[in-house]
Protein chains: 2
Amino acid sequence: MQYGGGSKWIAVIFMKKNKSNRLSKPVMPQETTRKLAETFKVLGDPTRTRIIYALSMEELCVCDIAGLLGAEQSVVSHQLRVLRNMNLVKYRRDGRVVYYSLDDEHIKNLFDECLRHVNML
Amino acid sequence: MQYGGGSKWIAVIFMKKNKSNRLSKPVMPQETTRKLAETFKVLGDPTRTRIIYALSMEELCVCDIAGLLGAEQSVVSHQLRVLRNMNLVKYRRDGRVVYYSLDDEHIKNLFDECLRHVNML
DNA sequence: TGTATGTATGAACATACGTACATATATTAT
DNA sequence: ATAATATATGTACGTATGTTCATACATACA
């Protein structure tokens, strides 16, 4: 701890800080941080990022996504499952074609906010 | 491509879609998507998420962050470097203590938006 | 019923990544 | 100058992760 263990006075200060809810208890419930991190992690893969972005434009089927990304169908399918499991995308089946779209509008906002950060908006 | 290769008519349709800027060119510059994904990935680790969240409250030195997270100093230091490299945090030195804080306000917005998604706000 | 098409999934592999441990650097105090 | 404290960094290691290839499943069509 900062300057801790130097003298008794310092030790007292350290204890005060501990009691003042700064150093003793974690800033945020670990459960919440875990979910946050998990969501960010899912968005943190180039393939998935591009899929999400494509879906932010329009509903698309798996093969169209693969075409857009120039990726193999199996890659897209695998990653769509990841996005599905995180409730980031939803899907509907029409015959043998499965159409995917974004699950809620928060993701688009996330993207825009992140774009602002990387100075691309 | 969807229903492609069936007949010449279908092939024509496919070519039209290709020219209409839907299937031919990628939805977003790969450079931009790469940066986006990189940023999300950096936020997608529980340790870094907790660091960012702590810093969203107040400026903190390395040892205080380590105390808050119950993590080793070296772990925090390593992850702070990652955050530094992505321009997510900035720092200032005061004696032998280095204080870290968020680099811009977009990150807080990112967090809030993500919290809304995981239904915690 | 059999074939073709669209999608999902399993296994294997290479690689990326987070952490722990040791150690180096920087600054302050004695 | 030496010791102590705060931080940074290098290495090693176990694990997680994305992709590839093969294959299974589901639906439409002949």
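Throughout, a chain's letter reflects where its sequence line sits, starting with A, and its residues are numbered from 1.
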key: Inter- and intrachain pairs under ring-ring contact (aromatic ring centres under 6.0 Å, His included), touching residues 65-98 of chain B, at least two apart   = B:Y91-B:Y100

message = Taking salt bridge (Lys or Arg N to Asp or Glu O under 4.0 Å) as the cut-off, I'd like each qualifying pair that reaches into residues 76-92 of chain A, sequence neighbours left out, listed once.
response = A:E59-A:R92

request  = Using atom CZ of B:R34 as one end and atom P of D:dG18 as the other, report the distance to the nearest whole Å.
outcome  = 17 Å

key: DNA chain D: stems of at least 3 consecutive Watson-Crick or G-U pairs whose donor-acceptor distances fall under 3.5 Å   = C:1-30 with D:1-30

key: Sequence-distant partners of B:E38, salt bridge (Lys or Arg N to Asp or Glu O under 4.0 Å), two or more places apart   = B:R34

task = Check whether any side-chain nitrogen or oxygen of A:R84 sits under 4.0 Å from OP1 or OP2 of C:dA8, and answer yes or no.
result = yes

request  = Under the salt bridge (charged side-chain N to carboxylate O under 4.0 Å, His left out) rule, what do A:E105 and A:K108 come out as? Steps first, then yes or no, please.
outcome  = CA-CA 6 Å; A:E105 70 290 349; A:K108 282 188 77 167; over 6 Å; no

message = From CZ of B:R96 over to P of D:dA6, roughly how many Å is that when rounded to an integer?
response = 6 Å

inquiry  = Checking A:D103 now: which residues fulfil side-chain hydrogen bond (donor to acceptor under 3.5 Å, both in side chains) with it, not counting sequence neighbours?
reply    = none

ask   = Counting only N and O atoms by type, is there a donor-acceptor contact under 3.5 Å from the side chain of B:R93 to the main-chain atoms of B:V98?
value = no

task = Report the relative orientation of the aromatic rings in B:F111 and A:F40; use parallel for angles under 30°, tilted for 30 to 60°, perpendicular for over 60°.
result = tilted

inquiry  = Taking donor-acceptor contacts at under 3.5 Å, does the side chain of B:Q73 reach the base of D:dA8?
reply    = yes

ask   = Could you write nucleotides 13-20 of chain C as a row of B, S and -, 5' to 3', where a protein heavy atom under 4.0 Å of any base atom gives B, of only sugar-phosphate atoms gives S, and otherwise -?
value = ----SSSB

Whole angstrom value for the distance that separates C1' of D:dT20 from CG of A:L69 = 17 Å

task = Could you pull out all residues at least two apart from A:Q73 that satisfy side-chain contact (heavy atoms from CB on, under 4.5 Å)?
result = A:V62, A:S77

key: Nearest-angstrom distance from the residue atom CD1 of B:I65 to P of D:dT7   = 9 Å

inquiry  = In the structure I gave you, are the side-chain heavy atoms of B:L88 and B:R48 within less than 4.5 Å of one another anywhere?
reply    = no

key: Nucleotide nearest A:V62 (side chain, heavy atoms from C-beta), chosen from C:dT7, D:dT7, C:dT9   = C:dT7

For atom CG of A:N85 and atom P of D:dG18, their distance in whole Å = 12 Å

query = Does A:D45 have any side-chain hydrogen bond (donor to acceptor under 3.5 Å, both in side chains) partners at least two apart in sequence or in another chain, and if so, which?
reply = none

Length of the OH-C1' vector between A:Y91 and C:dT7, whole Å = 11 Å

For nucleotides 13-15 of chain D, give me every protein contact, N/O to N/O, under 3.5 Å, one pair per line with atom names.
none

inquiry  = Please tell me if B:Y100 has a side-chain N or O lying less than 4.0 Å from either OP1 or OP2 of D:dA8.
reply    = yes

ask   = Looking at residues at least two apart in the chain, or sitting in another chain, which of them share a side-chain hydrogen bond (donor to acceptor under 3.5 Å, both in side chains) with A:N85?
value = none

query = In whole Å, what is the span from the CZ atom of B:R81 to the P atom of C:dT25?
reply = 15 Å

ask   = Distance check: side-chain N/O of B:R93 vs OP1/OP2 of C:dT25, anything under 4.0 Å?
value = no

